[in-house]
Undergrad: 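Below is the structure I would like to discuss, written out as C-alpha cells.
Numbers restart at 1 for each chain; the letters A, B, ... are given by sequence-line order, proteins then strands.
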Amino acid sequence: MADLNKLYQAILTGDQKTAVAVTEEALAEKIDPQVLINQAMIPAMNEAGAKFECEEYFVPELLLAARAMKASLALLRPLLAERGAEPVGRVVIGTVKGDLHDIGKNLVASMLEGGGFEVHDLGADVPAEKFVAAVREKNPHLVCMSALLTVTMPAMRTTIQALKEAGVRDQVKVMVGGAPVTPDYAREIGADGYADNASSAVKKARELLAA
Amino acid sequence: MAAPELIRVRLEPLGRLLEVERGAPLRDLLFAYGVEFPCGGHGRCRKCRVRLLEGRLPLTADEEKILSAEEIAAGWRLACRARAVEEITLEIGQWELAILADDSAIAFTPRSGYGVAVDVGTTTLVAQLLDLATGHVLGVRSALNPQTVFGADVMSRVQAALSPEGLERLSSLIRDAIGGLIAELAASVQVEIGEVVLVGNTVMHHLFCAIDPEPLSHYPFRPSEEGLKNYRAHELGWELPGDPLVQFLPCLGGFVGSDILAGILATGLEEAEALCGLLDLGTNGEIVFGNRDGILCASTAAGPAFEGGRISMGMRAATGAIVEASLRNGSLEFHVLGGGRPRGICGSGLVDVVAAGLELGRIAPSGRFTDASRAWPLLDPVVLLQRDVRELQLAKGAVAAGVRLLLGSLAPAKPERIWLAGAFGNYVDRASARRIGLIEAPLERISPAGNTALLGAKIALLRTTAGERDFSALRRKVRHVPLADHPDFEEIYVESMLFPPA
C-alpha cells in the first residue's frame, strides 16, 4: 500500500521522483486525493516552511520541496476538478510592474498551493490593469503582490488604487510582501495584510480569509 | 578605551600628509589613493613597492624574502606588508614608473599638457593628475562620494533622484565634490589642466550628467542616455584655469557603465586572443567575458554582503574588521585590521570564514550549520549567524549565476584569465572565493586587477584623443545581456546559491 509518510518525506526533502511515484501508486490504489493532500502534502509543506523560518532550510531546499509538491499535485488536479472540490481559497499573485524579481513570489505561490489554495500566478512585471482583469476573471479571495526594490514598491499602492477605481477592492483581501516592504508600509498603502516570508504568507492568508 | 593614537605619513612625490592610526597597514591607506596591488596585497608581486625616505618601517619576514638586501638597504618596502608605526615619509614606486604597474607597458603617444582621470565610484571618488608627456602621476585626491548620505547602493541614489528636485541635488553634490578635488590638484602643482576624463557606473553617469535616472528604476532597466558626455569646466560650475574639456565616458548598457569600459581597457580584454573575464563585485556585481572578437557584459544584483552589508556583525574593511581568516591545524586564525579587538567582519573575512566552515564540515553545502546552533562564535565578540551565511549565498549565487549564464553562451567557455576588480576583488582570498563557488575557475587563472576603473580612465586619457573617447568601435563589440530575462535565470540562480561539496 502507498506510504503517506514516504510522500511526506519525499516532498520535505525535495525528492520529486519519489513524490510522483508514491502519488501514482496511491491513485492506483484509489486513495482519496484529499487524503493525500491533507495528510501528506500540506503537512510536508508546513514543515518545510517551518524549517525555512528557523533557518534550517533556505531558498534551494524550499524550492525543491515546492517542486516535488507541485509535481505530485499535478497528478491529483484532474481528479479534484472532476469532483468539483473547492479549494481553501483562490489567490491571484504577481510581482508588481517594473519589478522582475520572481523567486520570492514563486515561493509564496508554491507554499499557498501546498497549503490547499488555488493559485493564479500572473508572473513578474505585472501592470495594475492586469491585476484588475484577473480579479474580475478569477474571482479570487486574495490578491498577493510582491516587490523587491524600493523603487518599485510604489506600484503596490498604484495597484490597490486601480482595484478601488475598478470597484473590486472590497471583494478581495490584499496581502503584500518583499524585502523592502514593511508592515507599516502595507498599512499605509491600504493593504489588508503583510507577510515576512513564504511560510508566514500561508498563515496570514488563512487568517485574512477567516476574518 | 583610549582613543587611537594618530601618526603622520607623508607621501612623495605628492607632498601629501596623511594621519593614520599607529600600526595601520599601508595597504589600506594607499589603496584609497589609487595605489594598485596587482597580486591582491599578498606580498607576491613586488609591484606595490614604496621607498622609505624618512623614519622607520619595520621589516616583515615576507619582505625579507621577496626584496633583495640591496633594495632593503635602499629603503624599499612592500606597501601590502608594512605597517606605519611611527612618522614616516614614503615615495610611491608605482608613480615614478610608467603608467601601469604592470610588466606590459602601455604604449601611448606622449604629448604636452596635463590631464585628470577620475573614478566616480558609488562610495569613493578618486582623481589623479597626470603629466601627459610622461604618464607620471603628479597628484592624487580622494573623497567619499557625498551622495552616500542618500544610501550606500545605486538604487537608493536613483530613488533619491526621483524625489522632487532630487536629481538637481544629487547632481550638484557630485559635481561640486569632484570639482573640488580637481581644483585642489591643479593648485597643488600649479599646472593648467587641459582635459578631464571621468568614469563610473550608469547611475553615477546619469547623476553626474543630470540625466533623469527614472528608466533605471524599473524593468527593463535601460539607461536614458548611454553616450559620451562632453562639457567645458565652467558648465559644471568649475572654475579652473583654461576651462578644460571634461568628458564622462560612455556606458555599455543597463547598469554597466564606463567604469567597466575602463576595466576592459585596463585589463586589455578587448585585445586578448583568449577568452578573459572581468568581475567587479559590489552591491551590483558586474561581469564581463570576451576577447578581441566580441565581449558580453551583464550586471547582477548581488546585494551588499560582499561589502559587509546585511551581515549581523558586518562592516567595511576598516579598523577592527576581520579581513582574513585561515585554517591552521584545524582551527581558525584571524587577521584583524589595525590589530586590536575586532569589531566586526568585512566581505573578504566572511568569504574566508565560510570557506573554512565548509572545509571543517561546520557548514554544509546547503549553507546550513551542521550543528544545531544558529551562531558560530569567531573571535570574541564577533559571531557569524546562520542568516549571515544565507546573505552570502544570495550574493554569491547572483554572481556565479551571471558568470554561468554569460559563459553558457560562449564557446569554448573556459576563460584563460579572470580579473577581479575593485576593493573586494583585491582583498578577497582567491582560494576562498573558489571554495565557496563564487568563482569556478582554477586558482592560477584568477588575478586581482586593482582599481581598473581608475587605471582605465588613465589609459583613456593617455592613449586616446578627446575625439576618440566615444569608443564606438569597442562599444560595437560589447553586448549587454539582461540576465533576468533569461528563461533559465531562476533555475541557475537558485542552484548557484549552494556551495560546492567538499
Undergrad: Using 30° and 60° as the class limits, which term best fits the ring planes of B:Tyr219 and B:Phe221: parallel, tilted or perpendicular?
TA: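 Plane angle over 60°, so perpendicular.
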
Undergrad: Between the side chains of A:Thr13 and A:Asp15, is a donor N or O closer than 3.5 angstrom to an acceptor N or O?
TA: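 Per modelled atom types, A:Thr13 and A:Asp15 side chains form no pair under 3.5 Å.
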
Undergrad: Considering only heavy atoms, which portion of A:Glu55 lies under 4.5 Å from any heavy atom of chain B: side chain, backbone, both, or neither?
TA: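 Both backbone and side chain of A:Glu55 come within 4.5 Å of chain B.
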
Undergrad: Any luck finding a side-chain donor-acceptor pair between B:Glu307 and B:Thr283 under 3.5 Å?
TA: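 Yes.
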
Undergrad: Please rank B:His218, B:Glu490, B:Arg390 by heavy-atom pairs under 4.5 Å with chain A and give me the top one.
TA: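 The option with the most such pairs is B:Arg390.
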
Undergrad: Go through the atoms of A:Leu63 and report whether side chain, backbone, both or neither lie under 4.5 Å from a heavy atom of chain B.
TA: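 Contact with chain B: side chain only.
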
Undergrad: Do you know which of A:Ala124, A:Ala155, A:Ala179, A:Pro60 has the most heavy-atom pairs under 4.5 Å to chain B?
TA: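 Highest number of pairs under 4.5 Å: A:Pro60.
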
Undergrad: With rounding to the nearest 0.5 Å, note down the distance linking CZ in B:Phe424 to CZ in B:Arg316.
TA: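 The distance works out to 12.5 Å.
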
Undergrad: Can you tell which of A:Leu64, A:Asp125, A:Asp102, A:Thr152 has the highest number of heavy-atom pairs within less than 4.5 Å of chain B?
TA: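 That would be A:Asp125.
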
Undergrad: Ignoring hydrogens and geometry beyond distance, is a side-chain donor-acceptor pair present between B:Asn145 and B:Thr148 at under 3.5 Å?
TA: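 No, because no side-chain N or O of B:Asn145 sits under 3.5 Å from a partner of the opposite role on B:Thr148.
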
Undergrad: At a 4.5 Å cut-off on heavy atoms, which part of B:Phe489 comes close to chain A: side chain, backbone, both, or neither?
TA: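 Neither part.
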
